[in-house]
Amino acid sequence: MGPTASGKTRLAFELCDRLNAEIISVDSALVYRGLDIGSAKPTAEELALYPHALVDIRDPAQPYTAAEFRRDALAAMQDISARGKLPLLVGGTMLYFKALIEGLVELPAIDPAIREDIERQASIRGWPALHAELAACDPITAASLHPNHSQRIGRALEVYRGTGRALSQWQSEQQEQVLAYRLFQVAVAPVDRALLHQRIEQRLNTMFASGFLAEVEKLYARGDLDRNLPAIRAVGYRQAWEYLSGEIDETTMRAKALAATRQLAKRQFTWLRKWPDLHWLLWKDAEDNLTPALFEKLRDVDFPVDGLY
RNA sequence: GGCGCGGUGGCAGAGUGGUUAUGCAGCGGACUGCAACUCCGUGUACGCCGGUUCGAUUCCGACCCGCGCCU
């Protein structure tokens, strides 16, 4: 795990070389085909060398969800284990990690038309009004949400309308799901924020220099994608989309993309800081070789590294 | 050198003789099926010096800096 631009990919490749491991991507943007440069997806050569599960598995027009991720990740873990290898989960989408480890409530799929209707309602009545509505059918969830929390209010409401029962009720009946794997959780990050900001800026510049805009233009030209899709809302893509539709100039787009990336990293840190059983690997410069330190940590917890490398 | 205009928190940008907008960024946080999402919280800043005043960011004067015009 680790914030964006913290060096996860590099470390993962090195681990693959030393452990008998295979990578499973835990990243909500890498799942989409055509989101390559801007998502910092490993190159085709790298992917050939280090196979990644859960990369390029979805068209940008079709949203991917945390529940699907859990299902797919578990399948990949099983497959990799069955081949005698170690599943190495790599990514920065913390909700996915959480869903995988703790499980989600098992809910039937909900008709997308319900969500559309809720969003239509919200655009005319405002989210606070829907929050009030939620308070009537699911007071527990409503109490935990700010009246402006659009997405979560929408979710709670669609569950109620779609299943006839409150989300909080479903959750209260949720049974603990135990993962059939022993986990060793590691977070990579620079020792201080300024360092990460530096890396983020550098990487973004490289992306632009490597044809990021052309990549988004291609998506834009398809005509069937829009800014409400998760793929197009991804950091960088959203700002490029605004630029291509003439809403902002290039300088603004770059500035906004940079800020959005930093904000993403900040949110990832918020998850990581309170994450249980996490081993931190902090680096201070590009020369830091983290793998030895990681192997030390693995030994500390009696992880069978010796047999693996 | 003269005249005019302007100097507000990191940036942008309102405003007022006392109650100290706002947006962006930054920072902190929340988040069980959109999560690279969505949402919440967080800053008395008014160029400098002196004066007027019970009280000046706001009024007056000098000075400094920027812009424009004139010589």
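Keep in mind that the numbers below use all heavy atoms, side chains included, and drop hydrogens, waters and symmetry copies. Here is the naming used below: chain letters follow the sequence lines, and residue numbers restart at 1 for every chain.
Annotation: proximity of residues 247-263 of chain A to RNA chain B (heavy atom, distance under 4.0 Å) is found for Ala259(A), Arg262(A), Gln263(A), numbered in ascending order.
In this model, a donor atom of one side chain and an acceptor atom of the other lie less than 3.5 Å apart for Thr65(A) and Glu68(A). In the model, Gln121(A) has a side-chain atom that pairs as donor or acceptor with a side-chain atom of Arg125(A) under 3.5 Å.
Here the separation of rC3(B) from rA14(B), taken at their P atoms, is 28 Å to the nearest Å. With both ends at atom P, the span from rA12(B) to rG47(B) equals 14 Å, rounded to whole Å. Distance noted for atom P between rU8(B) and rU58(B): 14 Å (whole Å). Annotation: rU53(B) and rC39(B) have their C1' atoms spaced 47 Å apart (nearest Å).
Scanning atom types as modelled, no donor and acceptor separated by under 3.5 angstrom connect the side chain of Lys266(A) and the base of rG26(B).
In this entry the distance linking CD of Glu176(A) with P of rU32(B) reads 16 Å, nearest Å.
Between rU32(B), rU38(B), rG28(B), one nucleotide has an atom nearer to the side chain of Val105(A) than all others, and that is rU32(B). Among rG29(B), rC34(B), rC40(B), the nucleotide with an atom closest to any side-chain atom of His146(A) is rC40(B). When distances run from any side-chain atom of Gln151(A) to the nucleotides rA36(B), rG29(B), rC37(B), the shortest one goes to rC37(B). Checking rA36(B), rC37(B), rG29(B) against the side-chain heavy atoms of Arg273(A) singles out rG29(B) as nearest.
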message: Does Arg161(A) form a side-chain contact (heavy atoms from CB on, under 4.5 Å) with Ile110(A)? I'd like the steps, not just the answer.
response: CA-CA 9 Å; Arg161(A) 290 204 203 166; Ile110(A) 287 155; over 6 Å; no
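Pair assignment for rC5(B): rG66(B), on the basis of Watson-Crick or G-U wobble contacts that are both within less than 3.5 Å.
A ring-centre distance under 6.0 Å is found for Phe212(A) and Tyr237(A).
Arg238(A) has a side-chain polar atom (N or O) that falls below the 4.0 Å cut-off from OP1 or OP2 of rU38(B).
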- prompt: How does each nucleotide of nucleotides 9-14 of chain B score, in 5' to 3' order, for protein heavy atoms under 4.0 Å: base (B), sugar-phosphate only (S), or none (-)?
  reply: ------
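Nearest-nucleotide positions on RNA chain B for Ala234(A) and Leu167(A) put Leu167(A) closer to the 5' end.
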